[in-house]
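The structure under discussion appears below in the form of structure tokens.
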Amino acid sequence: MANPKLVAIDDEVEFIKTIDHFFTARGYEVHVAMTGASGLELVDYHQPNVVLVDLKLPGMDGDEILQHIRRTHPNIKVIVITAYNDGGKTRDRLLSLGAFAHFDKPVSSLRDLFDTVKRALPQAG
Amino acid sequence: MNPFSYPNLGASAFILVLGLFVGLQTRGRWDNRILSFVAFCMVTFVWQLTYGIAYNMAEEKAALAFMRIGYSAVIFMPVTFLHFAASFLRKGQMQVVIRVCYVLSFFFLATLFIDGLFMRGAYRYFFGFYPKPFVPVHIAFLALVIFSVPWSVFMLYREWRRIQADGQSREASEIPRIKLVCVAYLIMSIVCLDFLPNYGFGFYPIGFVFVILYSLVIAYTILRYNLHDIQVIVKRTLVFAGLVASVVAVVSLVAFVSQDLLPTAVPKWLSNLSSATFIALLYGPLRRWLTNVTDKYLFQKEYDYKQLLRNFTDEVMVVLDLKQLVQMTIETLSERGKLESCGLLLLDKDTRRYELVAFRGEDGHNVVLDGQEPFVTFLRETHEPIGLDGEMGKVHFPEQVTNRMKQLSARLCLPLNVHEELIGVLCLGKKKSDEEFTKDDLDILQPLARTLAIAVSNAQLVEELKVTQAQAAQKEKLAVIGTLSAGINHEICNPLGIVKAQCEAFLLDVEDGILIGKSSPDVLERTTTIMRVALKQIDRATAITQKLSNFAKPIKDISAQPVSVPQEVDEVLLLVGHDLQLEKIEVVKEMQADMPQIVVDRRQFQEVLFNLVRNAGQAIKPPGTISVRAHVTAEGLVRIEIADTGSGIPADKLEKIYDPFYTTKEPGKGTGLGLFIVRQIVERNKGRISLESTIGKGTTFFLDFPAAKPEAAGKAVTA
């Protein structure tokens, strides 16, 4: 199997850089974007396996991106990261919209995130 | 007995007693003043007594005999009158004139007892017999009267003016006495009307009223007793005399018209009835008019003092600032009331103690009274003023109460009650004139105290409201911080998240063996990058928490300092900018280069900008733009503009937008205090706020502040 592809969309440049570095070091092909619009372009172009997206983004927010990807690329798994601590309401809504998983920000464990991304990949064989 | 004789007999008895009383009271210090007054009393006594008896005589001859005796006294009245004035003013040079007048009087006395030379029989009036004089001699006597009476009044008046003009004169304390004597003499001049019935004018001579009045004034002046009360007595008696004169006039007029003028005689009961009707109709208005006239012309100063205090009552109601109100009260009362001291105790609602909040007088006081202290409980229970003067002074007050009053230098204490609660005490010290507080003063001061109590309680309410407003403003700020959660999360959690992710990524790299085989410089570079990122993010989080805590702190006092507008705009946009960006609102910044600084409280200025930018954001239905511009106007003011591309404010709502609690936002979104507070803060910082709004295009707020003077700006640089 070719290297798994990941698109990360977040307006926090340092966070994006960390994700890029971390996943690249672990054999991923990583593409990053800082706005929703450019993120969707990357998704269309690279057809990644997994998309990591921040819920709050300038221009277009995570909800829209999630719905858009679910419509246009139903096989791409979307993991949403949110800064809202609202007792799981947002999480439930996102999961019902078809998100593969949900992470609170700040991400408590990169290891967990990595494992979740790995689970989202199509199982070999 | 003829009822018309009662007043004369009464007056004679009264004046006899008065003369004897003054004589006995001043025993041991008799001087010309006192002796001439006692002589005057005796003369008047004889006059009134014999006339009273004469009115009762049925025979003209008998009446004439008594009136001769009476007239022998009347003849000496002008000279004793003049003599008293001269000795009162210590006019030694008048001695010759007075002696001449005495000689003349003895001459008239001699003529009196020669039949037909002074008196030629009597008129018979409705009230009794009255002397008919031999005109040439009587005219000569009248000339003596016409000389002595106005001359005496003139002398007194001149002396009064002289002392008054010579402001620093040691005799200044004499003014009230001279004034009183002068007034008394004017009153006495009215007695001359009693000469008219001598010439056939048949009205009832009421000179006795003025004689009594005159004697009273003089007697009290001599005894130097309660100079103030005497004015009240004079006033009441004058009014009373005016009323008696009017009643007599009405009755005489009606009797004259009904009996003599009409062709057929009207029945007596009818004329009496009409007199009674006239009197009943005239009485009230006449009494008021007379009181006003006496107040206004005879007691000008007194009248002014009362008028001024009445005006004060009106003024005090419009003052809503407690400090100003207290100051104004103390100043007005001590100045207009001419008091040596004046103080105001107010209840502190928290400690339940009474504190002397203002005092004017010689000794500075610092008094705090416990709520249970006898002086306070006494006032609270009685609701009545405590006075140490005059009538009030006769009431026995507990010693602790009077001692406390002495400590407060107070002669009169008035409770300030609102809804049965004693909210304060007004303490009035001695009058500079040495006069005492009288019932008349109380008539003015008690309503004044009632008004003052209401005014003070209003001012206190306003003060409390201000505190509540400040609290509401604080609440609003905290609410604002709540709504900023996205921004706060972004600015605090993200940096923390980044630091955490960087560290974790490194550790996981180690754990997963990713770093194996990497060269030391590579690993060093990697760790250095992580450390740099971490430090930068920590600084970012620290900065935002500081800004938030500054913003959340309540504003107490203004600490103005030179402030750079572009810098503050940047700081504020850092706080709100992210939220706006999320809401698809673009923020455009246009700052003129080399802007002068402005002198404002930095935090307050930030708060103003913050509120205006936030409001602008809320006015916009995304997407839209907020422009923050700053430039120097033609007048040299620094102008900051915050413009939104919202829907604009309708003209009918423009005037209300600064009102507290006015809001156009949906329920729950705003408390409406924003712009109200913004304007208060701007004005407190010597700025102006204005706005322009076009429906459909948006609203622009303008903030104008004076540019900081160069030296102030320089200081800030060195500071």
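In this text the structure is predicted, and so the values were computed from the model without any measurement.
- For B:Ile514, the part lying under 4.5 angstrom from a heavy atom of chain A is the side chain only.
- Taking the side chain as every heavy atom from C-beta outward, A:Glu14 and B:Gln502 approach each other to under 4.5 Å.
- Contacts of A:Asp10 classified as salt bridge (charged side-chain N to carboxylate O under 4.0 Å, His left out), with partners at least two apart in sequence or in another chain: A:Lys105.
- Looking at residues two or more places apart in sequence or on another chain, you find a side chain to side chain donor-acceptor pair (under 3.5 Å) between B:Glu504 and A:Ser109.
- Residues B:Ile498 and A:Phe15 share a closest heavy-atom pair of CG1-N, 3.9 Å.
- Shown here is B:Glu692, whose CD atom has no more than 12 heavy atoms of other residues, nucleotides or ligands within 6.0 Å.
- A salt bridge links B:Arg540 with A:Glu12: the distance from a Lys NZ or Arg NE/NH1/NH2 to an Asp or Glu carboxylate oxygen falls below 4.0 Å.
- By a heavy-atom distance cut of under 4.5 Å, not one residue of residues 65-73 of chain A is near chain B.
- Judged as a salt bridge (charged side-chain N to carboxylate O under 4.0 Å, His left out), the pairs with a partner in residues 518-533 of chain B (not counting sequence neighbours) are, in order, B:Asp509-B:Arg526.
- Atom-to-atom distance recorded for A:Lys17:NZ and B:Thr529:OG1 is 8.0 Å, nearest 0.5 angstrom.
- Shortest non-hydrogen contact noted between B:Ala505 and A:Thr18 is CB-CG2, 4.1 Å.
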| task | Determine, step by step, whether B:Lys500 and A:Leu110 satisfy the side chain to side chain contact (heavy atoms under 4.5 Å, CB included) criterion, reporting the C-alpha distance in whole Å, the side-chain angles of both residues, the deciding distance to 0.1 Å, and the verdict. | result | CA-CA 9 Å; B:Lys500 188 172 151 68; A:Leu110 273 181; over 6 Å; no

| task | Show your working on side chain to side chain contact (heavy atoms under 4.5 Å, CB included) between A:Arg111 and B:Asp512 and close with a plain yes or no. | result | CA-CA 11 Å; A:Arg111 171 70 78 197; B:Asp512 295 349; 2.8 Å; yes

